[in-house]
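Since the structure comes first, as structure tokens, the remarks are kept for the end.
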Amino acid sequence: PPLRERRQDIRLLAQHLLLKIARELHSPINAIAEKALARLEAYDWPGNIRELENALTRAIALARNTALTENDFAFLFASSEDVETETEIMTLREAEKMHVQKALRSTDWNITRTAKLLDISPTTLRKKIADYELKDVVSCITKR
């Protein structure tokens with residue numbers, strides 16, 4: 001049955017998937033705020049569990065705290081009146097740069113581990129680091 005018919009399962013599924021995804025992404029996120037859980041339970045989930053998993057992955061990748069909040073799911077809850085304006089929407093290049101930076105930080109800039117985490121080759125990762133002009137701030141500081 002679709003998730004919208006099993007709303008009582010959404011909370012448990014979301015918490016299970018959160019821990020699984022956070023572990024895979026080496027993310028410190030370990031909880032979902034109560035208000036966010038309530039909103040997830042109220043959502044219709046036309047894409048069922050895959051949509052829930054994708055929403056959690058996106059929220060974890062862009063989250064700034066150790067617990068997901070309603071704001072981390074804004075992309076999911078936006079109504080037609082709430083849709084972000086073009087100036088508020090991040091470009092795909094900006095989103096990829098942020099994601100690569102987060103992955104690099106989570107592995108302490110280990111190129112091999114980061115490439116594996118991002119499912120790309122180390123060569124491709126090095127090219128992205130150069131393209132985005134990313135720098136390992138910790139290494140730069142310790143080399144002085």
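When reading the values below, keep in mind they use all heavy atoms of this one structure, side chains included, and skip hydrogens, waters and symmetry mates.
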Does D131 have any side chain to side chain donor-acceptor pair (under 3.5 Å) partners at least two apart in sequence or in another chain, and if so, which? K127
Cluster overlap F75 with I60, hydrophobic side-chain contacts below 4.5 Å: yes
Residue pairs, two or more places apart or on separate chains, that pass side chain to side chain donor-acceptor pair (under 3.5 Å) and touch residues 31-41: R11-E34, R11-E41, R39-E70
Taking all non-hydrogen atoms of both residues into account, name the closest pair between A59 and F73 and its distance. CB-CE2, 3.7 Å
Going by the rule ring-ring contact (aromatic ring centres under 6.0 Å, His included), which residues pair with Y43 if we only count those two or more places apart in sequence or in a different chain? W45
Looking only at heavy atoms, the pair that brings A103 and L117 closest together is CB-CD2, 3.9 Å
For A33 and T69 the tightest heavy-atom approach is CB-CA, 4.3 Å
Just by distance, do the side chain of E96 and the backbone of R93 share a donor-acceptor pair under 3.5 Å? no
Could you measure the distance from the NZ atom of K102 to the OG1 atom of T107? Nearest 0.5 Å is fine. 13.0 Å
Does the N48 side chain pair with the main chain of L3, one donor and one acceptor, at a distance under 3.5 Å? yes
Neighbour count >12 (heavy atoms, 6.0 Å) for atom CD, E133: no
How many angstroms lie between CG in L134 and CD1 in I129, if you round to the nearest 0.5 Å? 6.5 Å
For D108, give me all partners under side chain to side chain contact (heavy atoms under 4.5 Å, CB included), at least two apart in sequence or on another chain. none
Does K97 have any side chain to side chain donor-acceptor pair (under 3.5 Å) partners at least two apart in sequence or in another chain, and if so, which? none
Tell me whether D44 contacts the main-chain N or O of P46 through its side chain, where contact means a donor paired with an acceptor under 3.5 Å. no
CG of L40 to CD1 of I32: how many Å apart, nearest 0.5 Å? 6.0 Å
If you look only at pairs with a residue in residues 52-66, which of them pass as a side chain to side chain donor-acceptor pair (under 3.5 Å), with sequence neighbours excluded? K20-E53
Which atom pair, heavy atoms only, marks the closest approach of A14 to L56? O-CD1, 3.7 Å
CD1 of I10 to CG of L17: how many Å apart, nearest 0.5 Å? 11.5 Å
Residues at least two apart in sequence or cross-chain that pass side chain to side chain contact (heavy atoms under 4.5 Å, CB included) with S121, listed by chain then number, are T123, T124
Residue pairs passing the ring pair (Phe, Tyr, Trp, His ring centres under 6.0 Å) test where at least one lies in residues 48-70, sequence neighbours excluded: none
By side chain to side chain donor-acceptor pair (under 3.5 Å) - contacts of D119 (at least two apart): none
Can you sort out the partners of A61 under side chain to side chain contact (heavy atoms under 4.5 Å, CB included), two or more places apart, ordered by chain and number? H99
Go through the steps to decide whether L118 and R113 satisfy the test side chain to side chain contact (heavy atoms under 4.5 Å, CB included), and finish with yes or no. CA-CA 9 Å; L118 295 172; R113 284 181 40 220; over 6 Å; no
Which residues pass the side chain to side chain contact (heavy atoms under 4.5 Å, CB included) test with D9, sequence neighbours left out? R6, L13
Tell me, which pairs form a ring pair (Phe, Tyr, Trp, His ring centres under 6.0 Å) where one or both residues lie in residues 17-39, sequence neighbours left out? none
How far does CG of L18 sit from CZ of R23, to the nearest 0.5 angstrom? 10.0 Å
I need the R126 CZ to T114 OG1 distance, nearest 0.5 Å. 10.5 Å
